[in-house]
Protein chains: 2
Amino acid sequence: MKLTSKGRYAVMALVDLARFDNINPVSLRDISLRQGISLDYLEQIFSKLKKNEIVKSIRGTQGGYVLNKNPNDIKLTNIFHAVDEKVKTVQCKKESKKGCNGKATKCITHNLWDELEVHINTFFENKSLKDLLNNNKETRV
Amino acid sequence: MKLTSKGRYAVMALVDLARFDNINPVSLRDISLRQGISLDYLEQIFSKLKKNEIVKSIRGTQGGYVLNKNPNDIKLTNIFHAVDEKVKTVQCKKESKKGCNGKATKCITHNLWDELEVHINTFFENKSLKDLLNNNKETRV
DNA sequence: ACATACCTGACTAAAATGGTCAAGTTTAGA
DNA sequence: TCTAAACTTGACCATTTTAGTCAGGTATGT
Ligand code: FES
Ligand code: FES
């Protein structure tokens with residue numbers, strides 16, 4: 001079970017953005033340099049973040065991106081959903097009555113994986129961008 | 001972030017095994033049929049479970065596998081560790097002072113991912129095979 | 001002896017990942 | 001008005017991982 005770069009970068013980039021967008025729009029080029037993420041890749045990611053109304057874009061010279069919401073209202077859940085980083089622990093289709101392996105009934109571990117999924121998602125729902133901004137000292141206790 | 005089949009199957013197979021090994025050793029063939037998992041794949045998995053002393057093997061006709069410990073002492077952590085299903089949320093090497101992207105310092109989201117990793121591992125440490133045996137009714141509340 | 005079941009290692013097709021590359025459009029500022 | 005900065009879009013691709021298969025063993029109860 002591992003986190004993909006796409007999800008990791010999305011959060012990194014947004015934290016960076018949140019720190020600097022009070023003054024000016026932040027260009028992807030700057031984020032790319034500061035965080036060491038490929039510019040082309042960032043563009044893919046921000047395209048999705050924009051579609052999900054997490055950021056706004058300002059075109060042209062001196063343009064860039066700005067947060068579209070209060071950092072407190074941007075949960076990790078929202079970010080991950082935007083870039084298609086989804087938590088998938090079960091193999092089967094949830095809606096269906098059928099289990100994995102094509103059996104007619106859910107497998108013996110289905111409930112376990114479902115619990116796990118909830119457990120992980122809870123973490124994402126309880127973390128907002130705001131939490132990450134004040135975070136540097138706090139977690140160093 | 002998704003769970004791999006290897007990890008999922010390992011747990012499924014062990015739950016199946018735990019249910020039946022009171023009477024006789026359980027053959028992989030039986031598990032394969034009951035759970036719908038490829039026999040050849042199961043052999044790979046059980047080879048690792050054996051190396052990690054989670055199961056014992058009994059060769060020859062009427063042979064099979066038996067748990068090597070009390071179900072209560074087999075945590076999901078142990079199973080996942082055995083089959084190399086590891087939780088990896090950070091990109092960097094933990095031991096190193098260096099961050100991901102080869103920077104000299106840990107990135108701005110490092111602590112977050114580290115927290116997440118702990119959060120997930122806690123789940124695995126608190127679940128034993130025993131929990132899964134009584135599980136069918138309980139989770140249906 | 002022979003069928004059953006464990007054991008081992010090599011191999012591979014398909015999918016996912018983590019990007020790159022190319023060709024735009026928009027707009028601020030000189 | 002011209003130009004460079006910066007967003008926009010979509011195709012493309014190399015590498016790695018996944019989820020197995022396959023082919024050959026070896027041990028042992030009956
Ligand atoms: S994971 Fe849902 S039925 Fe097996
Ligand atoms: S994840 Fe550890 S430094 Fe970025």
Side-chain angles (χ1 to χ4, degrees), chain A residues 1-10 12-13 17 20-21 24-52 54-66 68 80 83-89 91 100-102, chain B residues 1-10 12-13 17 20-21 24-52 54-66 68 80 83-89 91 100-102:
Chain A
M1 338 209 34
K2 65 183 143 195
L3 195 63
T4 66
S5 287
K6 193 167 278 187
R8 199 182 293 108
Y9 288 165
M12 271 174 88
L17 179 61
F20 290 95
D21 81 341
N24 286 316
V26 180
S27 72
L28 293 190
R29 185 180 148 72
D30 285 355
I31 298 179
S32 166
L33 290 174
R34 275 196 294 260
Q35 304 303 330
I37 305 171
S38 145
L39 177 58
D40 285 318
Y41 202 22
L42 272 179
E43 279 169 350
Q44 283 182 45
I45 292 169
F46 272 76
S47 159
K48 295 184 179 185
L49 292 175
K50 191 190 171 187
K51 273 183 195 132
N52 282 263
I54 292 172
V55 297
K56 273 186 302 196
S57 66
I58 294 154
R59 303 187 67 154
T61 315
Q62 299 292 74
Y65 285 92
V66 182
N68 196 20
F80 278 1
V83 298
D84 301 314
E85 170 87 37
K86 41 191 165 246
V87 177
K88 176 161 181 171
T89 55
Q91 175 75 348
C100 47
N101 315 328
Chain B
M1 342 208 29
K2 65 183 141 194
L3 194 64
T4 66
S5 287
K6 192 167 280 189
R8 199 183 293 109
Y9 287 166
M12 271 175 87
L17 180 60
F20 290 96
D21 81 340
N24 285 317
V26 180
S27 72
L28 293 189
R29 186 179 148 73
D30 285 354
I31 298 179
S32 167
L33 291 173
R34 275 196 295 261
Q35 304 303 330
I37 305 169
S38 144
L39 176 59
D40 285 319
Y41 203 21
L42 273 179
E43 279 171 350
Q44 281 182 47
I45 293 170
F46 272 76
S47 158
K48 295 184 179 183
L49 292 175
K50 191 189 169 186
K51 272 182 195 134
N52 282 262
I54 292 171
V55 297
K56 273 186 300 193
S57 67
I58 294 155
R59 303 186 70 156
T61 316
Q62 299 292 71
Y65 285 91
V66 183
N68 197 20
F80 279 1
V83 299
D84 301 313
E85 170 87 38
K86 41 191 165 245
V87 176
K88 176 162 181 169
T89 55
Q91 176 75 348
C100 47
N101 316 327

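Each chain gets a letter, A, B and so on, in the order the sequences are listed, and its residues count up from 1.
Atom CD in A:Q35 sits roughly 18 Å away from atom P in C:dG18 (whole-Å rounding). For the pair B:K48 NZ and D:dT18 P, the computed distance is 11 Å after rounding to whole Å. Separating the NZ atom of A:K88 from the C1' atom of D:dT17 is a distance of 17 Å, rounded to the nearest angstrom. Remark: C1' of C:dC6 and CG of B:L42 are 12 Å apart, rounded to the nearest angstrom. Summarising the geometry, the separation between CZ on B:F46 and C1' on C:dG9 is reported as 19 Å, rounded to the nearest angstrom. In this structure, the CG atom of A:D21 is 13 Å from the P atom of D:dC7, given to the nearest Å. Here the P atom of nucleotide C:dT20 and the CD1 atom of A:I45 are 11 Å apart, to the nearest Å. Distance CD (B:E85) to P (D:dG20): 13 Å, rounded to an integer number of Å.
Note on B:S57: every side-chain N or O is 4.0 Å or more away from OP1 and OP2 of C:dA5. An OP1 or OP2 oxygen of C:dG18 is reached within less than 4.0 angstrom by no side-chain nitrogen or oxygen of A:Y9. Regarding contacts with the backbone of D:dT8, a side-chain N or O of A:K50 is found under 4.0 angstrom from either OP1 or OP2. At the phosphate of D:dG20, neither OP1 nor OP2 sits under 4.0 Å from any side-chain N or O atom of B:S38. Within the structure, a side-chain polar atom (N or O) of A:S5 is placed less than 4.0 Å from OP1 or OP2 of C:dG18.
Residue-to-nucleotide contacts include no donor-acceptor pair under 3.5 Å from the side chain of A:E43 to the base of C:dT20. For D:dT8, its base never sits under 3.5 Å from the side chain of A:Q44 at any donor and acceptor pair.
Summary of the strand contacts: B:Q91 and B:G60 both lie near DNA chain C, and taking for each the nucleotide with the nearest heavy atom, the more 5' one is attributed to B:G60. The nearest heavy atom of DNA chain C to A:T61 and to A:K6 marks one nucleotide each, and the one closer to the 5' end goes with A:K6. In terms of position along DNA chain D, the nucleotide closest to A:M1 lies nearer the 5' end than the nucleotide closest to the other residue of the pair A:M1 and B:R59.
Residue-level contact check: A:V26 touches the backbone only, with heavy atoms under 4.0 Å from sugar-phosphate atoms and none from bases. If you check every strand for non-hydrogen atoms under 4.0 Å, A:Y65 touches sugar and phosphate atoms only.
Counting all heavy atoms, side chain and backbone alike, B:F46 lies closest to B:A13 at CE1-CB, 3.6 Å.
Comparing D:dA19, D:dC7, C:dA5 by their closest approach to the side chain of B:Y41 singles out D:dA19. Distance from the side chain of B:D40 is smallest for D:dC22 among the nucleotides C:dT17, D:dC22, D:dA19.
One finds no salt bridge joining A:K6 and A:D84 here, because no Lys/Arg side-chain nitrogen approaches an Asp/Glu carboxylate oxygen to under 4.0 Å.
Judged by distance alone, with hydrogens and angles left aside, the side-chain atoms of A:E85 form no donor-acceptor pair with the main-chain N or O of A:L3 at under 3.5 Å. A donor-acceptor pair under 3.5 Å is formed between the side chain of A:N101 and the backbone N or O of B:Q35. Formation of a donor-acceptor pair under 3.5 Å by the B:D30 side chain with backbone atoms of B:V26 is not found in this model.
For the atom pair CD1 (A:I45) and CZ (A:R8), the distance works out to 11.0 Å, reported to the nearest 0.5 Å.
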